[in-house]
Structure formats: C-alpha cells, structure tokens
Amino acid sequence: MKGKPKRREYVVQGTTVALGMLAAAEGAQAQQDPAHEHHQEQAEQPAAAQEHHHEHAEPAQEGAKAESADGGDFTEYSRYKPSFGGPPGSPNYLGKLVPGLRKPGLAPVPVSTPYLEMLPWKMVNGAKEFEITCEPLKREFLPGYWMDVWGYNGSMPGPTIEAYQGDRVRFVVHNKLPEATTIHWHGLELPVRVDGVPYVTQDPIAPGDTFVYEFDLHQTGTMFYHSHIAMQEAMGMVGFFIIHPRVAHDPPVDRDFAMLFQNFFIPPNSTIPDTQKMDWNWHTINGHSGPYTLPLVCKHGERVRVRLLDFSPMQHHPIHLHGHTFWVTGSEGGRIPESAWLPGNNTLVGVAIAKDIEFIAFNVGDWMFHCHMFHHMMNHMVSQVGPRIRSGASVDDYISLLDGAPEVQLAKTDAGFAVPGYPQGMKGMRMMGGEDLKKIMGRREARGMRASWNMGVKGLTTVLRVLPEDLYEQVMNSDEPIEPGVSVPGSGPGGHHMHMGADHA
Ligand SMILES: [Cu+2]
C-alpha cells in the first residue's frame, strides 16, 4: 500500500475525518453507555470477550499506534487497514473477536439475500404463518437467458424464511407442480411427522393439494428448506431458513448476507435442466450467474457475516474471498464455539452444507468472492454437443437425439476455431449488449466499479465491495453519477465494458 500513494491518499481523504469522529464517538459511548458497562460486568462473559470490549473502548489509541507501527509492531489490530493483531489465540488475532460498529446486546441485523425476497408471515393462532406455493417458473440466469426451473412462490431459490429462536412457525404448503412433493426442513430438530420425507414420514402432497407443517424453533443458524425428491431438488427447489437468536451473537456484525450456490446442466439451446446429467454448465448464486450476481456492498470497517450454502447436485465449492481473512463461525448446525473457529481465505462448502464466515472489512476495494473450481468460474462449459463441436470430436450424443437436438454446424470457418483444443471461445453463447448489458452494469450495487469489471466475473463469482463511508453513501443512497473505477483506487477507470459471451478471449 505504501508504494501506491494515490490509493493511500484516497483512503485518507475518504475516511480520516469520519474515523476521527467515530473514534471519539466510540470512546465516549464506551464511557457513558450503561448497557456497555453492564456488558463488561457480566461475570459469565468469557475473558476473551471482556478483553475485546475493552479494546473496543479505545479505538483512538489503536489508530495512533497503527500510524507509527511501520512494520515493527504486529500486535495492534486495525479495522481500517491490513493488520495482524495477535498473537494467535488473542481476541484480536486477524480480527477474530473485533466487534462490528454496532452496539452489542441488540437484536440481530436482518439477513440480506440478494435477489431473494423474504417470505412474509402473519400471526395466526399463536404461530407465525407462512404460505408456500411449489411451482414451475422462469428464472433469468443471465440477461436474456430465461431458464425453466422449479421453485417456491415464483422464485428459485425460494424466498428466504427469516425467524427467531423461540418462534412457533406454521407453513401452509400448496402444490402447483405437475407431480407430488414434500418440504423437508434441513437442519431442524422437530417432530418426525413434520420432517417432510415422502412415504417415510408423510404421504406426498399430490398436485393441487395443500399440506400444513407446524413446529417450534429452539435452534439458531443457517438452515434451509427443500423438496425431498431428488430430481425436484435438481430443478432448484430450495430456499434459506435462517433462525436468529433474539440477541445478536457477540461480537455483533453490521451486515449479514446469504448466498446459495447451485449447478445445472442445461443443454445448448434448451432452457430446461437435465436433472439426470452428472455434468454442469450453468452455475448460479441466488439464481443468477456472474456477472449478473449482485455485488455485496459494505462500509469500510464493518464486521460482515456471509452465510454460504451449497445446494448443487454433486459438486462442492471452495469459496474464496480476496484481500481478507475470514473466520468460519457457523454451520447448518448453528453457531460454532469461538475455540473452534478456523481462519481462512477459502472454505470448502460441501453439498447441502452451510458455512457462516465473518470478517472485518478492513480493506477498501472491489474484491473477488468466488468458487475456486475452474469450471465453476465460467458459464456454458459444454462438451460433445453444442458450441464446442468440431470435426474429429465424438458426436454420439448428438446423433442419438437427431429429432430433438438443435441444428449444429459440423464445420466452423471463423477464426475463433482455428486453434485446436482451445475451448474458451464459446461459440454457442449468444452475444450480449445494449439492454442486456444495462441490466448488469446499471445496477446500483455496481456503481463506481471499473468499466470492464463484468469481463472478470463469471459463473459462481461475485464481488465484495468495501467502500469508504462517503463513497458508500454516493453508491447506495444517491443518484449522482459516479466515475468508473473509483472503488479500486489508483487503478484507472477500466476499459470499455463489453459484450459478454463468445469472442472476448
Ligand atoms: Cu464450485
């Protein structure tokens, strides 16, 4: 960072004043706030937590030391720049127990699941009652690519269920699928008759029928709901079921995001997933492929939680975040005790497993946040039949489906096919431009990114944007135009944002 004065200047300009005020406010708050004192006094509070709240009360000192550290002293942790904290085992080591900017002891922040609605409820006979309709629907994976999938209430994945420990919940489930279904509540400890397994715990819900599930929630964590019929799961029938504690976990987070990863095989020129195929060419996060995934935007210095869920048929996803070290703090089994949290930059999320990660967003910029499987970092990986077909390749699959298969040219004459074995020029992928591209580049969450950012974000890829407070306000809460590239200080505006698809490689 020191070698890049431009970037440093930017950060300083953007945040010094705010930081000074924040530090002063926090210090004052720590002295005056009775809730904070009470929190420190609690006898049952672990020593580690007491220490970090003590530290929280003296951010001014933290800032002063960070300024003079000069590489010699690694023990101070700064929420506003890369730093070590430590030693390992201490509460501020790699930001482990450094709290968010929010006060402890409050209700949790609501979870944010980009592109997925919250499932509404109303109180009926002492329970939160939710209506769920199982149905076929269309989902736009990328602009112009409308896929025929199955899901809930018009959404794939389904809307997010957000509830609290101690709630009694009731789900009135309507089946508008052409076949029978059930809903299983994954990770929940509940009476067996509402476990949602066809034949084993209940009769399947026939098309047109309604079934009611009702149970109490005593757990917390990142759970989910899904059909318990395998081929329906592969059509997309899943959604988040997040159960918050009544009081936020300590240390409190300022943001709580959730991302659900899926794979589908959708043959070229088809819109229907082939659920029996053990090959995958479309990859989605909350129902969208990169760069149509929604950037996660947070403010510099915040503590952020991201809940990761893999609901792919067969494939695991090593989820990698650039520029930050996170701690794995939870699973579909609930909160992990602090002693068992693991630091990492990449965590393997297995099929039907949830992992919560937390970190301090100390590093300003637009950071890649993605699955690290190479085939999951792009769309439309197709072999045998489709865009990659060329002379000498097997056409068995194609020939066996002559009546139903789209027309495929066996000889390609354009230059992109001149290099044998070079698959990246995906000739079957439709070009995108104009209105399609506006759908991607015109989103509020992408304002101020480099003009060419979309060329580097594909498949199971999104971007974590850590913005200084003033830029965050500009991006998220104003409509004034923003210069491209301003969120990657010193990098320039970026090239032209281009059509995606075939010919950029
Ligand atoms: Cu993956």
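Starting from 1, each residue takes its place in the sequence as its number. Read the numbers this way: they start at 1 and go in the same order the structure lists the ligands and their atoms.
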| said: If you compare all heavy atoms of Ile440 against all heavy atoms of Pro291, which two are closest, and at what distance to 0.1 Å? | reply: CG2-O, 3.5 Å
| message | At less than 2.8 Å, how many protein N/O/S atoms surround the Cu ion (ligand 1)? Leave waters out. | response | 3
| With a 4.5 Å limit on heavy-atom distance, are the side chains of Glu302 and His300 in contact? | no
| field | Contact check, side chains of Leu308 and Phe369, non-hydrogen atoms, under 4.5 Å | value | yes
| Parallel under 30°, tilted from 30 to 60°, perpendicular over 60°: which one fits the rings of His370 and His372? | tilted
| Lys96 to Trp327, cation-pi by 6.0 Å centre distance and 45° axis angle | yes
| said: Would the distance check show the side chain of Thr113 and the main-chain N or O of Leu116 forming a donor-acceptor pair, the cut-off being under 3.5 Å? | reply: yes
